[in-house]
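Taking it in order: structure first as structure tokens, then the write-up.
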Amino acid sequence: MTNEWTDACAIDDIDEEDVIAFEHDGHEYALYRTEDDRFFATDGLCTHEQVSLADGLVMGTIIECPKHNGRFDITTGQTKGGPVCEHLKTYETQVRDGRLFIRTG
Amino acid sequence: MVIIGSGEAGGCAAVAIRDAGWTGPVTVIGEERHLPYERPPLSKAAITGDDPPEPKLSVEARRFGECDITHTSGSRVSHIDRDSKQVHIEDGGVIAYEKLLLATGAQARPLAVEGGEYALTLRSQEDVWALRRFFQKGRHIIIIGGGLIGLELAASANRLGARVTVIESQDRLLARGVPEEIAGRMLETHQQQGNRFRLAASVEKVTRTSVWLKTGERIDGDVVVAAVGAQPDIALASAAELPVSNGVLTDAALRTADPDIFACGDCAATVHPLFSPSPRRLESWQVARDQGSLAGRNMVLSPQDQEAVPWFWSDQFDWQLQVAGFPDLGETVVKRQLDEETALHFFLSGDGTLVGAAAFGPMRLLAKDLRISQRLIAGQVKPDLSQLAAADRRLKTLLAA
């Protein structure tokens with residue numbers, strides 16, 4: 001288990017108002033970019049049925065699970081409706097020289 | 001506030017009643033012995049999983065305690081007395097209501113041929129236990145009915161190493177609700193995995209292990225499963241002289257003809273303001289959730305019409321079918337090619353309004369675009385057809401337009 005900043009991707013790997021998956025140390029993360037170029041990171045799998053959130057739709061700061069519409073606020077990990085009740089874990093992010101770093105662990 | 005039925009819709013309604021600010025008693029009367037649980041896995045993971053399945057309670061059911069919702073399980077309503085506004089339970093109990101919700105759901109339609117009672121069906125957690133005894137490697141499973149449940153069971157049986165024959169009376173699969181070209185792709189997918197199909201085949205009679213077709217041919221297997229659709233539980237509504245057709249009839253705010261009685265989910269035929277003035281009954285987990293939440297809210301607050309665009313999915317092998325809106329209302333079809341094999345089909349009405357979208361393929365390819373389509377349908381947009389078809393342009397840009 002690390003507790004350090006991990007270089008996750010180039011910021012342009014993520015479209016505006018979208019999400020990609022990132023794997024590190026056997027753990028899947030979801031990395032988000034908002035329309036106004038803020039970056040967030042959460043656990044990558046929906047807390048309902050462990051579906052990859054990277055295939056879901058981001059609207060504003062809400063991610064919708066692609067499978068059953070579970071919704072989370074990407075800035076806090078809080079559930080926002082649908083069949084989910086467990087919040088998502090969030091991770092700190094930092095942008096340096098066009099790269100996105102997340103605090104893993 | 002009283003809810004008859006403790007399925008997905010009933011559970012959502014109970015919690016929505018509380019969320020709408022109602023502080024009086026809320027009672028959910030259920031025939032099953034479980035709290036509301038998720039039915040979608042019953043044809044899939046609950047069949048193929050290694051462990052004997054436990055019901056997965058819905059997120060709303062898990063809130064019943066904190067919301068002070070009374071749930072009576074194993075409880076059958078004998079009749080509704082609309083004059084005195086009371087629900088009579090078979091064990092003799094009587095529950096008074098201010099507002100009543102019928103969320104009675106649907107039952108697996110029995111197979112109406114000689115020996116039909118021998119065929120297994122799927123609706124409840126308990127049905128899964130019976131099916132699991134037969135869905136095993138090397139067995140031959142005969143499934144009557146090429147609808148969603150039949151095909152999901154066929155995929156699950158195949159996964160377990162069983163041989164599968166699906167018998168469908170029509171000359172194509174999924175005639176109700178899934179466009180023909182997509183149903184054709186699903187048929188190919190099943191055939192590539194080794195499942196066999198007998199289309200346009202009428203069943204004469206069945207036994208526990210065999211099916212006779214009207215042509216005289218006999219198909220032998222280890223078990224016969226009937227997946228010939230669901231019929232809404234409308235007996236209570238009918239007996240209470242509420243208007244029913246294929247479902248308890250409601251307006252767009254889910255009210256029946258009695259202003260104190262609402263209906264929603266699988267048992268209800270409702271008016272949807274976006275699509276058609278004639279009531280439609282939908283069998284969909286998401287619709288049950290959306291309508292349940294709205295009905296609960298409308299029982300407490302000033303009623304609002306339903307707005308949510310219907311949506312359903314089906315998982316088969318590694319692929320997923322997703323359908324949003326009402327493809328059958330479309331007169332024009334536009335295809336957006338997501339990869340060589342997978343296309344998202346858009347359906348537009350006569351005046352160019354987007355009314356439906358459907359795709360079958362890997363979930364990662366289609367999920368985002370389907371969700372955007374659902375929003376476009378809700379917005380009643382009349383999109384430029386070339387933009388819909390242009391897979392190299394983000395569909396999301398149409399939302400802003």
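Computed from a predicted model, the values in this text were never measured in an experiment.
Interface summary for chain A: among R394(B), R375(B), R371(B), R364(B), the most heavy-atom pairs under 4.5 angstrom belong to R371(B). Comparing I372(B), D290(B), L370(B) by heavy-atom pairs within less than 4.5 Å of chain A, the highest count is held by I372(B).
For V51(A), the part lying near chain B is the side chain, with the backbone staying farther off; criterion is any non-hydrogen pair under 4.5 Å. Heavy-atom distances place no part of E86(A) under 4.5 Å from chain B, backbone and side chain included. Residue contact with chain A, scored on non-hydrogen atoms closer than 4.5 Å, is absent for P40(B).
Residues of residues 55-64 of chain B lying under 4.5 angstrom from chain A, judged on non-hydrogen atoms, are K56(B), V59(B), E60(B), R62(B) in numerical order.
Ionic pairing of R159(B) and D318(B) is present here: one or more N-O contacts between side-chain nitrogen and carboxylate oxygen are shorter than 4.0 angstrom.
Between the K396(B) side chain and the V58(A) main chain, a donor and an acceptor come within less than 3.5 Å of each other. Side chain of E17(A) to main chain of G60(A): a donor-acceptor pair is present (N/O by atom type, distance under 3.5 Å, no hydrogens or angles). With R103(A) contributing its side chain and E4(A) its backbone, the two residues share no donor-acceptor pair below 3.5 Å.
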Task: Stepwise ring pair (Phe, Tyr, Trp, His ring centres under 6.0 Å) test for F39(A) and Y32(A) - done: CA-CA 6 Å; F39(A) 292 85; Y32(A) 310 86; over 10 Å; no
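Considering only heavy atoms from C-beta on, V19(A) stays 4.5 Å or farther from L53(A) through its side chain.
Summarising the local packing, CD of E35(A) is surrounded by 12 or fewer heavy atoms from other residues, nucleotides or ligands at distances under 6.0 Å.
Shown are E283(B), E8(B), E32(B), E152(B); of these, the salt bridge (charged side-chain N to carboxylate O under 4.0 Å, His left out) with R39(B) is made only by E32(B).
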